[in-house]
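A, B, ... follow the sequence lines: proteins, then strands. Residue 1 opens every chain. Any value given below was found using the heavy atoms of this structure, including those in side chains, with hydrogens, waters and symmetry copies removed.
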Protein chains: 2
Amino acid sequence: MGNVTASSRDRIFDAARTLFERDGFAATGVREIAARAGVTPALVIRYYGSKEALLLATMGADETITQIVRGPLEDLGRELVRHILEVSAPGFARRGVFGALVRASDREAVRQRLRQTAEVTTIGPLRERLDGPDADLRARLVSAALLGLITAIEIFGDTDLASADAVRLTAIYGSTIQSLVDPACGGTGHASGSLPSSAPSAP
Amino acid sequence: MGNVTASSRDRIFDAARTLFERDGFAATGVREIAARAGVTPALVIRYYGSKEALLLATMGADETITQIVRGPLEDLGRELVRHILEVSAPGFARRGVFGALVRASDREAVRQRLRQTAEVTTIGPLRERLDGPDADLRARLVSAALLGLITAIEIFGDTDLASADAVRLTAIYGSTIQSLVDPACGGTGHASGSLPSSAPSAP
DNA sequence: GTCTATAGGTGGATAGAC
DNA sequence: GTCTATCCACCTATAGAC
């Protein structure tokens with residue numbers, strides 16, 4: 001916060017972020033990070049405590065999703081999909097932030113970060129904006145649907161999906177997600193008639 | 001194949017599968033597997049070559065999804081969601097097969113397995129059954145949507161999603177996925193009017 | 001503030017004997 | 001077929017010099 005000098009600490013930060021995103025957490029050694037930053041391995045630990053803590057420090061949340069969720073509701077699905085495709089595109093600056101965390105999800109601390117990030121950046125803000133029944137559940141499912149797209153592209157490495165026509169993909173999957181955003185107001189193709197009434201569930 | 005005696009090899013297999021699913025790949029040591037199987041660590045490697053090969057050997061595909069995809073199309077979305085919730089339920093026998101692989105997705109061989117499994121068990125069979133334009137893309141998106149749900153529950157550990165009313169969740173998300181299965185035949189709530197005509201895209 | 005040197009501990013994998 | 005003993009690489013952390 002407010003640091004003016006770009007010192008070893010920052011070079012370690014940058015080196016770690018780059019290598020975690022490119023090679024993954026397990027394959028990236030503290031020695032590699034140190035070498036790329038031009039320091040010794042000991043300094044990496046001294047500044048950040050551990051390799052895991054360094055991972056969590058470098059992998060920040062994507063605030064753009066929150067901004068989109070706070071925007072107009074009519075095109076929310078398409079806007080979210082469009083953004084996911086944008087950040088998943090090869091060459092994008094923050095590409096791999098999500099992938100690096102998921103690939104390191106063997107660690108409980110990483111899973112907690114993923115859970116918390118989804119809750120804070122997407123589910124929470126979205127829940128408060130949704131009308132109709134099951135707002136919380138639908139917000140979670142919007143998050144899950146986005147999660148699946150980004151996982152298919154960045155983790156599974158589905159090149160057919162990544163190289164698909166972004167316009168068509170956005171139109172199709174955006175509409176799919178939009179059906180979760182819009183309250184099921186009868187006869188729009190939703191099987192909303194079979195839904196039980198919106199009785200609050202959790203005591 | 002055709003082995004009658006349950007020998008050390010099988011005990012190693014069972015021990016590895018249990019521990020990988022419960023504790024994850026990284027947290028499970030070869031020594032632990034060996035101890036649980038009642039053999040020495042050396043034998044584990046001798047039989048399966050490496051810990052990674054043992055993971056791939058134990059983590060088989062879920063053939064039930066393929067059976068569902070080959071079933072009736074009208075309720076495909078709901079049936080798929082219902083099945084995902086079933087296998088993700090605590091206490092289910094195969095719980096964690098998917099999660100164990102994703103949590104180990106730091107390794108390229110594991111990612112390849114995930115990609116191939118999705119292609120063979122879901123995307124391929126589904127693509128051939130879909131009518132209308134963009135069958136391949138829609139099949140991939142159905143797979144991605146399921147992926148997101150299972151990832152949210154098993155990787156992120158969204159307990160609110162896991163403990164949600166299965167009937168409501170199945171109805172909502174099942175309909176969402178069903179909208180990808182059904183060809184967009186105009187006026188069912190889909191913004192299909194904004195879709196460009198099904199012109200082949202890639203030059 | 002930064003570095004050298006080092007030590008402990010873990011874990012996968014191998015060689016060769018029984 | 002199974003075991004014993006061992007190798008090697010790596011992460012983590014500490015102590016203390018410049």
Checking A:Phe13, A:Phe98, A:Phe25 against A:Phe20 for ring pair (Phe, Tyr, Trp, His ring centres under 6.0 Å), the one that qualifies is A:Phe25
Please determine if A:Glu21 and A:Arg103 form a salt bridge, counting it only when a charged side-chain N lies under 4.0 Å from a carboxylate O.
no
The nucleotide from C:dT4, D:dC3, D:dC10 with an atom nearest the side chain of A:Thr40 is C:dT4
Handout entry: Whether A:Glu79 side chain and A:Ile65 backbone form a donor-acceptor pair below 3.5 Å
Key = no
When rounded to whole Å, the CG to C1' distance for the pair B:Leu55 and C:dA13 reads 17 Å
Side-chain contact check for B:Ala42: nearest option of C:dA13, C:dC3, C:dT14 is C:dT14
Taking C:dC3, C:dG12, D:dC3 as options, the one with an atom nearest any side-chain atom of B:Lys51 is C:dG12
B:Leu43 CG to D:dT4 P, in whole Å, measures 11 Å
Rounded to whole Å, the CD-C1' distance (A:Glu52 to C:dT10) equals 16 Å
When B:Pro41 and A:Val39 are each assigned the nearest nucleotide of DNA chain C, the 5'-most assignment goes to A:Val39
Separation of D:dC10 atom P from A:Phe25 atom CZ, nearest Å, is 15 Å
Do A:Leu85 and A:Ile153 have side-chain heavy atoms sitting under 4.5 Å apart?
yes
Picking from D:dT2, D:dC3, C:dT14, the nucleotide nearest the side-chain atoms of B:Tyr47 would be D:dT2
Against the side chain of A:Ile45, the closest entry in C:dC3, D:dC3, D:dT12 is D:dT12
Would you say the side chain of B:Arg31 and the base of C:dG12 hold a donor-acceptor pair, judged only by whether the two atoms sit under 3.5 Å apart?
yes
request  = Give a yes/no on whether any side-chain N or O of B:Ser8 is located under 4.0 angstrom from OP1 or OP2 of D:dT2.
outcome  = yes
Between CG of B:Asp106 and P of D:dC11 the distance, given in whole Å, is 13 Å
Here the distance between atom C1' of C:dC3 and atom CZ of A:Arg11, to the nearest Å, is 13 Å
Between A:Ala27 and B:Arg46, the residue closer to the 5' end of DNA chain D by nearest nucleotide is B:Arg46
Separation of D:dC3 atom P from B:Arg9 atom CZ, nearest Å, is 14 Å
Greater than 12 external heavy atoms within 6.0 Å of A:Arg129's CZ: yes
B:Tyr48 atom OH is separated from D:dG1 atom P, nearest whole Å, by 13 Å
